Amino acid sequence: MTATELFLFILSTFRLTRLIMYDSITVFLRKPFHEIVEETLPDGTVQSFLCVKGSGLRRWVGELLSCYWCTGIWCAAILYIGNMLYPIIFHPLLVILAIAGGASFMEWAMEKFDS
């Protein structure tokens, strides 16, 4: 694997992991496994907590989807193995996700620069 390919995999794994774990467009994937519970603190502020639903396989998937590191490993494995087995499908997906991942870093840098 070249350094360029590694960088492509790093950026695409970063973006896919964030897409699955945090983006509102994928809330339907997390909803069967997670519940957001809000609690009012003594000072009047409301704090939200993520609770994993169910037991067995459902709970396992819920735990997986609540851990950035765990989800990242599975995303990396899926992208890598998928690219090895079906490069015609996965290589364009890797490039698109890597471009989006790079754009997120640029947006973050611009926010830091502007403030």
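This structure is a prediction, so every number in the text was calculated from the model and none was measured.
Taking 4.5 Å as the limit, some side-chain heavy atom of I20 sits within range of a side-chain heavy atom of C75. Side-chain contact between L79 and L97: present, with at least one pair of heavy atoms (C-beta onward) separated by less than 4.5 Å. Within the 4.5 Å cutoff, no side-chain heavy atoms of F90 are placed close to those of L85. Using a 4.5 Å cut-off on side-chain heavy atoms (C-beta onward), T17 and Y22 make no contact. Within the 4.5 Å cutoff, the side chain of E35 has heavy atoms near those of the V37 side chain. Between L65 and H34 the shortest side-chain heavy-atom distance falls below 4.5 Å. Contact check for S104 versus F14: side-chain heavy atoms found under the 4.5 Å cut-off. A 4.5 Å side-chain heavy-atom check between F49 and E38 finds every atom pair outside the cut-off.
Cluster annotation: I10 and I73 are assigned to distinct hydrophobic clusters (Ile/Leu/Val/Met/Phe/Trp/Tyr, side-chain heavy-atom contacts under 4.5 Å, transitive). Note on M84 and F9: same hydrophobic cluster, where clusters join Ile, Leu, Val, Met, Phe, Trp and Tyr whose side-chain heavy atoms are under 4.5 Å apart, directly or indirectly.
For the atom pair NE2 (H91) and OG (S12), the distance works out to 10.0 Å, reported to the nearest 0.5 Å. Taking CG of L93 as the start and CG of L16 as the end, the distance is 7.0 Å to the nearest 0.5 Å. Within the model, atoms CG of L8 and CG of L11 stand 7.5 Å from one another, a figure rounded to the nearest 0.5 Å. Remark: T13 OG1 to L94 CG distance equals 7.5 Å, nearest 0.5 Å. Atom CE of residue M106 and atom CZ of residue F113 lie 12.5 Å apart, to the nearest 0.5 angstrom. Interatomic distance, CG of L64 versus CE of M21, reported as 8.5 Å (0.5 Å rounding).
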Open item on the list: Evaluate V46 against L41 for side-chain contact (heavy atoms from CB on, under 4.5 Å), listing each step before the verdict.
Closed with: CA-CA 6 Å; V46 177; L41 301 177; over 6 Å; no
(request) Quick one: do D23 and R15 satisfy salt bridge (charged side-chain N to carboxylate O under 4.0 Å, His left out)? Show the steps, please. (result) CA-CA 10 Å; D23 289 359; R15 187 62 201 115; 2.5 Å; yes
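Remark: M1 CE is packed, more than 12 non-hydrogen atoms of other residues, nucleotides or ligands lying under 6.0 Å away. Heavy-atom contacts from other residues, nucleotides or ligands closer than 6.0 Å to NZ of K53 number more than 12. Heavy-atom contacts from other residues, nucleotides or ligands closer than 6.0 Å to OH of Y80 number 12 or fewer. With a 6.0 Å radius and a threshold of 12 heavy atoms from other residues, nucleotides or ligands, I25 has its CD1 atom at or below the threshold.
Remark: L29 engages T26 in a side chain to side chain contact (heavy atoms under 4.5 Å, CB included) (not counting sequence neighbours).
The stretch residues 63-72 participates, sequence neighbours left out, in no side-chain hydrogen bond (donor to acceptor under 3.5 Å, both in side chains) pair at all.
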